[in-house]
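The block underneath contains the structure these notes are about, expressed in structure tokens.
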Amino acid sequence: MDLTPEFYAAADPQVSPSGKELLFAAMRRRRGHWQIWRMAAAGGAARQLTRCAADCQRAAWLPDGHIVYTLSGGRAARLGSQLYRARADGAHPHPITFGPGNFRLEAVLRSGRLLVSAAAPLDRRAAAAPTRALYTLRPDGSTLRLFRWQYPAHAAPTSARELPDGTVIFVAQPSRPAAGPAAKMGKLAWFPPQAARAALLPGAKPGLDSVRLLDGRRWLLSGSAATSGCAIYIYDSAAKALVTRVYQAPRMACAQATPLEAQPAPWIYHSILHLQMASGRVVCLNAYRSTLAPGGSWRRGRLAQVRVLALRGGRRVTLGAAPVQPDGSFYLRLPADLPLSFELLDARGALVQAQRSWFWLRPGEDAGCQGCHENPALAPVNRWPLALKRQAGAIALGLGRTASNRAPMRPR
Amino acid sequence: MNWKLTLLAGLTAALLAAPMAAQAPGCPSGPSPTRAARMRYADMPSRAFPFGSFIQPYALWFTTPDSLAFDGSGRARPDADWRRLRAINLGFLGPLDPQYSESVYGIAMLHGAELALARANARGGFHGKPFALKIHRDSPLWGASAIELVRMDYRQHVWAMLGSVDGASTHIALRATLKLWVPIVDTATTDPTVTETRIPWLLHDFPDDRQQGYALADYIFNQLHLKHVAILRANNRYGRLGYTVFFNTARRWGKQPVMVLKFEPYATGFTRSLRELQQLGMDGLVLWCNARQAGLIVRQMRALGMRQPVFGPSRLTYPALIQTAGVAANGVVTVAAINPDRRDPKWLAFRRRYRARYHADPDAYAAYAYDGMNLLIAAVRQAGLNRTRIMDALHAYAMRSYAGVSGTAFFDYTLNNIAPVTMARVEHGHFVYWPERRSDWSRRGWPGCTAAAGR
Amino acid sequence: MTPRLQREGGKKAALRRALWVALAIAAVAATLAMRGPRHEARDWAAVYSRRRYYDPVDLKLSPHGRRLYVACEGRNEVLAINTASRRVIAAIPVGRRPKALALSPGGRRLFVANAWSGAISQIDTRALQVTRTLPAGWGVEGMAADRTGHYLYAANPLGNDISVIDLASGRETTRLAAGHFPEFAARLRGSWIGISNLLAQPAPPDTPPSSQLTLINAATRQVRWQVAIPGAVQMRHIAQTPPRFGGYLLIPFLQPHNLIPLIELRRDWYASNGLAIVQLRGRRAPRVREVLLDELDRAFANGYGAAVAPHTPWALITASGANQVAILNLERLHRLLQSPDADELARRLDAAPQFVARRLPTGRDPTAVAASPNGHFAYVANRADDTISVIDLAGLRNAGLIRLGAQRPLTARRRGQQLFFSALHSQDHEIACASCHPYEGFEDGLVWSFETPRLGRDVVENKTLLAIRGTSPFKWNGLNPNLATQDGPRTAMYIFRSQGFSPVQVRDLVAFINARPLPPNPHLAPGGLNPEQARGRALFFRTRTNTGQIIPLHDRCYYCHAPLTHFTSRVLMNVGTATRFDDTGAFKVPSLEGIYMRPPYLHNGEAQTLEEIWTRFNPRDRHGITSDMNKVQLNELIAYLDTL
Amino acid sequence: MKPHLPSVAARTISPRAAARLRVGLLAFTLLAAAAAAQTPPLYSRWINYTPANGFPRGEVYCVAIAGPRVWAGTEHGLALIENGRLRKVFTRADGLAAYAIMSLAVDPNTGDLWIGGLGGLSRYSAGKFINYTVLSSGLANDLVYSVAVRGKYVWAATAAGVSRLNTWTHSWRIFSVVGKPSAPFEEPWAYALAIGPKKAYIGLWGGGVVVYDLRRKTWRPYLDPDGAPEIVLYRNQGLISNMVSSLTHGAESNAFWAGTYFGLSGYDGARWHNYMRQDSGLASNFINGVALQGRRVWAATQRGLSEFDPGARVWVTYRPANWRALDAGKAARPQRGEILITGPGGHPRRLETATSLAHNYILNLAFQGNDIWVATAAGLSHGFAAPARRILYAHPNRVHRHPARAAYARQTRH
């Protein structure tokens with residue numbers, strides 16, 4: 001049954017947790033923009049939720065009654081595509097990502113975090129970046145983190161899904177053009193639960209780019225296989241092989257199969273941001289720790305300062321510098337919702353290490369990092385950072401004098 | 001032989017280091033050295049000798065040098081290299097926190113010591129290195145101050161220590177120094193037992209309650225011929241130990257005090273005790289407490305119509321007595337640790353300097369601390385940076401006198417100052433001082449002196 | 001003892017001796033029946049009416065593996081289960097709160113540590129009856145009998161020591177020093193006895209915690225090593241791997257990250273869970289390594305039980321917060337520990353897959369685990385479910401469930417208990433309530449740097465949940481009016497960083513927390529206060545100083561620590577203990593009940609002993625007028641406080 | 001490292017002398033066999049642990065034996081010697097409470113070492129220290145001069161009274177002049193402790209000996225009867241002085257020996273036995289430590305280590321032969337040792353030994369089997385009861401004719 005006969009194109013169907021509604025991206029006319037629509041799963045009239053001046057795609061339900069979607073192109077295109085969050089009726093859309101990197105929503109994890117894909121590293125040259133990676137993000141836009149970190153070479157992950165056991169499956173799209181149509185097709189890859197390294201999913205065909213769980217063992221794979229057009233398969237995850245082809249439509253370009261049933265709702269994430277604030281704080285536990293340094297750590301005493309850069313109007317500006325404490329810690333208050341990047345300097349002001357990507361702080365966010373480009377598989381060291389012990393508070397950089405440095409009283 | 005040499009060396013050093021001693025006009029009072037060699041311990045009055053009427057003791061202590069000889073490996077330890085030191089650290093232990101009543105003595109003591117140190121440093125310190133005072137408070141809370149001498153030793157590497165006022169604190173420091181071998185100069189405690197412990201690491205330069213007790217007993221019984229004296233004392237270590245020498249002397253003289261009553265150190269009402277004493281028919285009252293409580297006692301006593309004379313130790317010779325008692329204080333006779341009315345130029349010069357620096361008159365605690373610190377500095381300069389040799393240098397003062405700003409001290413074999421004490425009487429709201437008048441004292445035979453000389 | 005006697009003498013003599021022993025046992029039993037039990041029976045009745053759940057907390061398999069003994073702390077019973085039929089064959093009433101079991105070497109005697117009775121029940125495993133009661137220390141828990149069966153070692157968490165009990169005379173001969181809160185014990189190879197500690201050693205609050213493993217040489221009955229386990233707290237069961245796999249001791253632990261501000265809950269920002277791996281090396285000091293069982297985005301919260309399955313390469317570790325049992329491949333672990341960068345394992349979140357062969361789900365709050373002597377099966381006690389999971393070690397799969405017979409439907413308190421121990425409600429399943437409140441609602445003795453208006457400031461000591469009913473508001477800043485507020489959105493937003501508990505769950509959790517009792521106070525003799533404690537009581541209630549001055553009302557102990565309201569006036573008071581790291585000077589007056597068992601003291605854990613509250617941190621007499629007291633009086637005051 | 005021990009006999013005895021020595025030895029063996037029962041050993045060979053071989057500098061205050069381990073408390077830490085080797089020196093950096101270690105006691109039950117010193121009390125258990133100080137525990141004061149263990153109780157003599165810790169209940173009790181009920185102490189400064197099975201003997205520095213009956217909980221003070229520190233009224237007047245520095249209790253329930261700075265005082269339960277340098281073979285009146293070995297009492301004095309056999313009434317004193325030069329700082333180390341044997345007749349006989357105690361200023365001693373360990377002001381000395389031929393007279397040509405044991409035996413026959 002064609003649910004969307006009135007659209008020129010439709011994609012990314014998302015079944016609501018109740019299983020009774022659908023969220024999808026669609027364009028009415030051939031040269032129009034993609035927008036986010038909502039309709040009853042049983043069919044019927046679709047309701048347009050977004051009025052994007054550019055393309056709005058890849059939407060998802062949030063358990064707290066909001067939706068989140070990807071906006072690409074248009075005026076925001078300077079930084080690439082970004083994620084937006086809006087109420088379930090489409091009202092109050094606001095961005096939740098701010099850096100360069102062409103963010104694209106992949107899925108809402110069961111923990112309530114968003115799984116997004118973006119350029120790796122997240123830098124200015126995002127559009128031209130050869131590789132992409134998966135990141136996680138809280139649904140309020142805070143706490144951007146790399147999701148696992150080892151991907152098949154030169155592959156851009158798309159269409160990522162989380163399975164109940166924690167497995168994350170994605171399509172490894174070749175990021176470099178290769179010869180032949182088959183070579184252009186993505187291959188299904190997966191992160192087994194708790195693995196840092198992703199691997200290609202054995203037994204899957206190239207071109208399959210959508211995965212849905214049928215039951216504990218069987219998955220629904222769909223996509224456009226090179227030879228046979230659009231197809232939907234059932235995959236036995238234990239046997240690691242395709243077992244049945246349930247549907248084939250040679251004339252259609254692709255398919256994204258989704259079972260129409262109630263979905264397990266992700267956890268509600270309670271935001272603790274203070275949107276009225278103009279700044280956020282970041283505490284780094286030990287800037288000496290870096291995988292870029294020989295032996296995983298810079299020589300003791302080498303780091304003296306951290307310089308903060310920002311991307312304002314597409315230009316790099318220096319917000320200022322603050323001391324790095326002898327234990328490598330620093331504690332800063334920085335402008336919110338602005339792409340930021342760190343540079344570590346030695347006592348003479350020479351650059352020791354520059355962050356290769358951009359991050360941001362949401363208003364009132366407290367971000368913490370263990371080090372600068374540290375090994376993400378290491379647990380933090382339990383030590384009272386000197387930046388918190390010696391300094392009276394966060395050192396504010398890039399904030400005007402009028403900017404309030406005082407956080408509101410917060411219970412704990 | 002050895003001790004004589006040391007003595008000679010020490011004496012020379014004392015003369016060199018403290019030119020005041022050599023230039024002292026007149027002659028020191030007290031027993032002559034020749035006589036002192038055969039003297040009674042602490043120059044106690046003959047009839048006050050324990051069991052003196054009955055038996056010759058099996059052994060006598062403190063009256064010959066060898067009964068106090070001290071051995072140990074300290075002299076063989078290499079001297080510290082002063083070139084590698086920033087300063088020559090000397091410790092100070094005393095009550096300085098205002099909430100403790102003894103802090104008045106402690107602060108004066110600190111000032112006196114600082115003044116001496118400042119003068120020594122102005123004169124070049126020790127080989128050009130300054131002396132530095134490491135100040136430690138002996139606040140009595142939880143007994144935590146007991147460790148202070150140990151900290152001075154291990155953390156600050158002091159070469160010697162000055163202090164303290166409280167007998168208990170001084171004793172505790174003594175206990176520690178017997179193990180750690182840090183010389184102590186004490187210029188403030190009146191506890192008579194600190195020098196009787198056979199710990200050779202202490203020089204004590206303040207009239208202790210032994211000397212004060214003998215003087216009071218002599219004055220009360222030999223000169224005033226009172227018969228029925230009562231004692232009222234504070235129930236603390238000072239009161240408990242202080243009155244005993246007076247009490248025993250009176251007893252051995254057949255003038256057993258009619259009653260000893262004690263009161264809590266924080267008591268303010270004494271009427272009941274005073275009435276009790278009056279009923280016993282006392283003809284004189286000896287107090288052993290601080291000046292403020294003594295003032296209260298005297299005032300309440302006069303208010304009861306009691307006219308008996310009142311006597312007390314040196315801690316009563318403080319303005320607080322007169323401030324508290326008012327006119328009732330008139331006639332109270334006390335022991336005085338110094339005579340501030342002396343016209344001795346050393347004293348006058350000291351008083352001038354002290355006034356200029358601290359804007360106050362020096363008291364006995366400041367004066368003795370000044371002298372004690374000078375003794376100590378001289379000893380360090382003479383002996384070098386070896387604690388045992390510093391102590392040896394101090395031991396050179398045994399059976400020698402030392403003329404300082406507080407008067408002329410005379411040290412016995414225990415290095416205790418046993419020079420006779422001054423006394424004072426309150427007249428018209430002021431202390432009037434007069435020279436000591438112990439009637440059993442010998443004044444003959446000082447070298448170079450043809451006649452007995454008072455102060 | 002009896003078997004040895006039989007060997008020594010002839011048959012007749014043996015019979016005679018056996019007769020005497022039987023007579024003696026009968027006499028003891030009769031005495032117990034006449035005297036002891038009557039007193040205890042009353043307690044049991046009270047306990048039965050309150051606690052109907054079994055709460056299996058420790059397991060021991062008989063030497064032949066045919067019988068499983070289960071300590072059920074909820075019902076004050078030890079169950080004997082036939083492992084073949086998987087049925088309970090006996091329920092033996094013991095003392096209060098049986099927490100741990102130990103078997104004599106031959107398996108004839110089973111010792112049961114009755115934590116709240118401060119005594120050990122000895123059970124004859126043939127008769128399945130308590131034959132005698134042995135004395136023990138404070139809050140006795142983990143036990144181990146030495147190889148010869150002559151001595152029993154018992155860890156006393158409340159006394160911070162280890163009782164050495166002569167099993168011949170039944171008397172305690174020695175108390176050995178242990179670290180802070182020793183709770184678990186095991187007999188090791190050779191003549192070693194190992195004791196692990198629940199809480200960290202007392203230390204200044206800004207230093208990372210360090211726990212202790214005490215190793216006793218049973219030949220000398222003296223402590224031979226006190227092994228520091230850096231960074232660890234909540235060490236629990238001890239298992240020893242076979243020599244071919246290194247002979248390591250495996251001890252589940254938690255590494256708290258309490259000194260860094262808690263602004264995250266991912267990748268072990270709050271705490272790591274793993275194993276201490278201790279290698280005994282003869283005369284040389286034991287070597288300590290640590291590995292994590294946490295994974296990148298999934299924690300193995302609150303490791304608890306540990307067992308090595310004989311004849312297999314498997315070790316089993318339970319995680320009471322993750323409701324999981326991890327099956328470790330000891331061969332791989334051994335190999336991993338030989339690698340040159342093994343020292344980094346203490347922090348590596350990606351190492352566990354290298355040696356964890358399988359993670360199997362268990363019931364709720366899995367505690368002890370025991371493996372059968374033939375290595376075929378393992379058993380996991382699920383405390384909050386009253387079940388025993390049976391694990392097939394050949395297939396590494398669940399092979400059944402033994403239900404002890406829990407009451408249904410569950411009471412609110414029981415549901416709350418299940419929530420309390422579960423980490424499944426926090427992001428990445430990192431922490432449960434029990435992660436910071438071990439010992440069923442106690443405290444971990446650490447200061448924690450929470451996300452506050454100013455990061456790294458207002459670092460406060462954890463507070464106990466035992467006996468807190470009626471002492472609201474909560475927290476040092478008094479900002480939480482009640483438990484429901486604390487356990488609801490606040491926990492979700494600022495601690496669990498997840499959806500948190502639903503209102504119904506919060507209600508259950510509060511019901512459980514409010515029912516947390518204090519263990520019986522060992523300082524309090526049955527006859528009431530001793531003279532010293534009575535003098536301390538007089539000091540607590542004194543109105544005048546030693547110098548006779550009247551103490552202002554607000555400077556008296558009892559004014560703030562009001563006896564009628566659990567020794568707290570439930571208001572904020574400034575007693576001059578704030579430091580430069582505090583943004584406020586007034587803190588909620590803490591209750592004094594059970595104060596003896598929960599150092600450190602003061603809001604920031606500065607005072608490591610009760611004495612220090614007054615000797616070091618009350619210089620201006622703002623925390624009550626105390627400076628006039630002498631040390632004897634201070635000791636008396638503390639002797640009284642210890643009884644509260 | 002093991003100090004080098006020159007073999008004196010091998011170096012100084014000629015072949016002829018050696019032949020005569022054999023005869024002498026035979027005679028000696030017979031004599032010794034007869035006298036062995038009564039004749040105690042003489043310590044003639046010493047190994048010294050001094051800063052020269054890595055031992056902490058400064059005074060050694062105390063020594064305690066725990067099986068093969070020898071613990072020594074020094075001015076700069078706690079030294080552990082095992083099998084003749086210095087294993088480790090623990091200091092405050094290792095977690096010790098005290099700066100200087102005054103006293104050691106080994107708990108026979110737990111094997112733990114209790115360490116009292118200037119800075120507090122510590123318990124050493126399997127490599128770790130647990131500290132007790134005045135600010136952090138019920139300990140009365142941080143100056144701990146003596147520590148003793150009996151059963152579950154640990155006693156500590158401090159500058160503010162005696163503290164007693166019940167290691168089972170962790171409760172403290174202070175016996176001092178403050179508090180109620182207070183102990184009948186003239187002065188609170190406790191310097192010495194000896195805890196018997198029934199009684200606790202407490203030496204107060206200025207307050208004599210106070211005996212506490214552990215069962216009846218009653219006190220009995222023993223004080224200098226003349227009350228005046230400057231005199232000793234009668235020889236056996238009672239306690240010789242109130243300045244008690246050390247104590248040891250005897251086998252009889254009431255017997256004890258007290259070392260004072262004014263002589264040695266013994267009480268046998270009925271009578272007093274006082275000894276001073278003037279009237280006995282005691283090396284000095286200044287006594288730092290006393291110990292009992294059977295019936296023989298040892299006094300660690302500032303001029304040597306004296307041993308007194310009350311039955312034979314013989315005194316033996318050990319010290320460096322050049323002790324005067326050592327004291328004066330004119331000699332850096334002892335040359336030879338001297339042994340003075342004084343019988344009831346007076347007139348000590350002097351023997352010389354090739355090795356010597358590290359210093360004449362002796363602070364304490366302990367026995368390890370037949371050996372003796374002596375804490376001196378300049379190192380720890382390990383004494384061996386070596387065969388008598390190792391002992392040389394001051395006149396080398398008479399070396400073989402006068403074995404020291406014979407000298408001792410002769411003195412005892414007087």
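Proteins get letters first, then strands, A, B, ... in listed order; numbering begins at 1 in each.
- Proximity to chain B involves both the backbone and the side chain of D:Tyr234, based on heavy atoms less than 4.5 angstrom apart.
- For chain D, the option among B:Thr197, B:Leu180, B:Thr414, B:Leu149 with the highest count of heavy-atom pairs below 4.5 Å is B:Thr197.
- Aromatic pair B:Trp201/B:Phe70: ring centres closer than 6.0 Å.
- Across D:Asn242, D:Asp327, D:Ile231, the residue that shares the most heavy-atom pairs under 4.5 angstrom with chain B is D:Asp327.
- For a residue to count as touching a neighbouring chain, one of its non-hydrogen atoms must lie under 4.5 Å from one of that chain's; by this rule D:Ala140 touches chain B with the backbone only.
- Between chain D and the options B:Arg75, B:Arg389, B:Gln56, the largest number of non-hydrogen pairs under 4.5 Å is found for B:Arg75.
- Ranking D:Gln278, D:His359, D:Arg277, D:Arg92 against chain B, the residue ahead of the rest is D:His359, based on heavy-atom pairs under 4.5 Å.
- The parts of B:Ile147 that come within reach of chain D are both its backbone and its side chain, each placing non-hydrogen atoms under 4.5 angstrom from that chain.
- Contact annotation for B:Ile199: only side-chain heavy atoms (C-beta onward) come within less than 4.5 Å of a heavy atom of chain D.
- For chain B, the option among D:Leu233, D:Leu363, D:Ile240 with the highest count of heavy-atom pairs below 4.5 Å is D:Leu233.
- Side-chain atoms of B:Ser164 and B:His136, non-hydrogen and from C-beta on, never get closer than 4.5 Å to each other.
- Between chain B and the options D:Tyr261, D:Trp189, D:Tyr61, D:Tyr145, heavy-atom pairs under 4.5 Å are most frequent for D:Trp189.
- Using a cutoff of 4.0 Å between basic side-chain nitrogens and carboxylate oxygens, B:Arg210 and D:Glu230 are scored as salt-bridged.
- Just one residue in the list B:Thr193, B:Thr189, B:Thr195 forms a side-chain hydrogen bond (donor to acceptor under 3.5 Å, both in side chains) with B:Asp191, and that residue is B:Thr193.
- Counting heavy atoms from C-beta outward, B:Tyr214 and B:Pro45 have side chains that approach closer than 4.5 Å.
- The parts of D:Asp226 that come within reach of chain B are both its backbone and its side chain, each placing non-hydrogen atoms under 4.5 angstrom from that chain.
- With a 4.5 Å cut-off on non-hydrogen atoms, D:Trp205 touches chain B through its backbone and its side chain both.
- Using a 4.5 Å heavy-atom threshold, the side chains of B:Met152 and B:Leu93 count as touching.
- The shortest side-chain heavy-atom distance between D:Leu78 and D:Asp94 does not fall under the 4.5 Å cut-off.
- Ring geometry for B:Trp181 versus D:Tyr361: interplanar angle over 60°, hence perpendicular rather than tilted (30 to 60°).
- Interface residue B:Phe49: only side-chain heavy atoms are found under 4.5 Å from chain D.
- Among D:Met276, D:Arg235, D:Met243, the residue making the largest number of heavy-atom pairs under 4.5 Å with chain B is D:Arg235.
- Contacts between D:Ala98 and chain B at a heavy-atom distance below 4.5 Å are absent for every atom of the residue.
- Residue contact with chain B, scored on non-hydrogen atoms closer than 4.5 Å, involves the side chain of D:Asn360 exclusively.
- Looking only at distances, no side-chain donor or acceptor of B:Asn248 sits under 3.5 Å from a matching main-chain atom of B:Ala48.
- Only the side chain of D:Leu135 comes within contact range of chain B, with at least one heavy atom under 4.5 Å from a heavy atom of that chain.
- Neither the backbone nor the side chain of D:Ala160 comes within less than 4.5 Å of any heavy atom of chain B.
- For a residue to count as touching a neighbouring chain, one of its non-hydrogen atoms must lie under 4.5 Å from one of that chain's; by this rule D:Arg57 does not touch chain B.
- In this structure, B:Asp153 does not pair ionically with B:Lys179, as no charged nitrogen and carboxylate oxygen lie closer than 4.0 Å.
- In this structure, D:Ser306 contributes its side chain and D:Ala283 its backbone to a donor-acceptor pair below 3.5 Å.
- Taking chain D as the reference chain and counting heavy-atom pairs below 4.5 Å, the highest number among B:Arg240, B:Arg151, B:Arg175, B:Glu196 is found for B:Arg175.
- For the set D:Asp279, D:Asp142, D:Thr133, D:Leu118, the count of heavy-atom pairs under 4.5 angstrom toward chain B peaks at D:Leu118.
- Contact annotation for D:Tyr191: only side-chain heavy atoms (C-beta onward) come within less than 4.5 Å of a heavy atom of chain B.
- Without hydrogens or angle criteria, D:Gln237 side chain to D:Leu239 main chain gives a donor-acceptor distance under 3.5 Å.
- Using a 4.0 Å cut-off between charged side-chain N and carboxylate O, B:Arg237 and D:Glu187 make a salt bridge.
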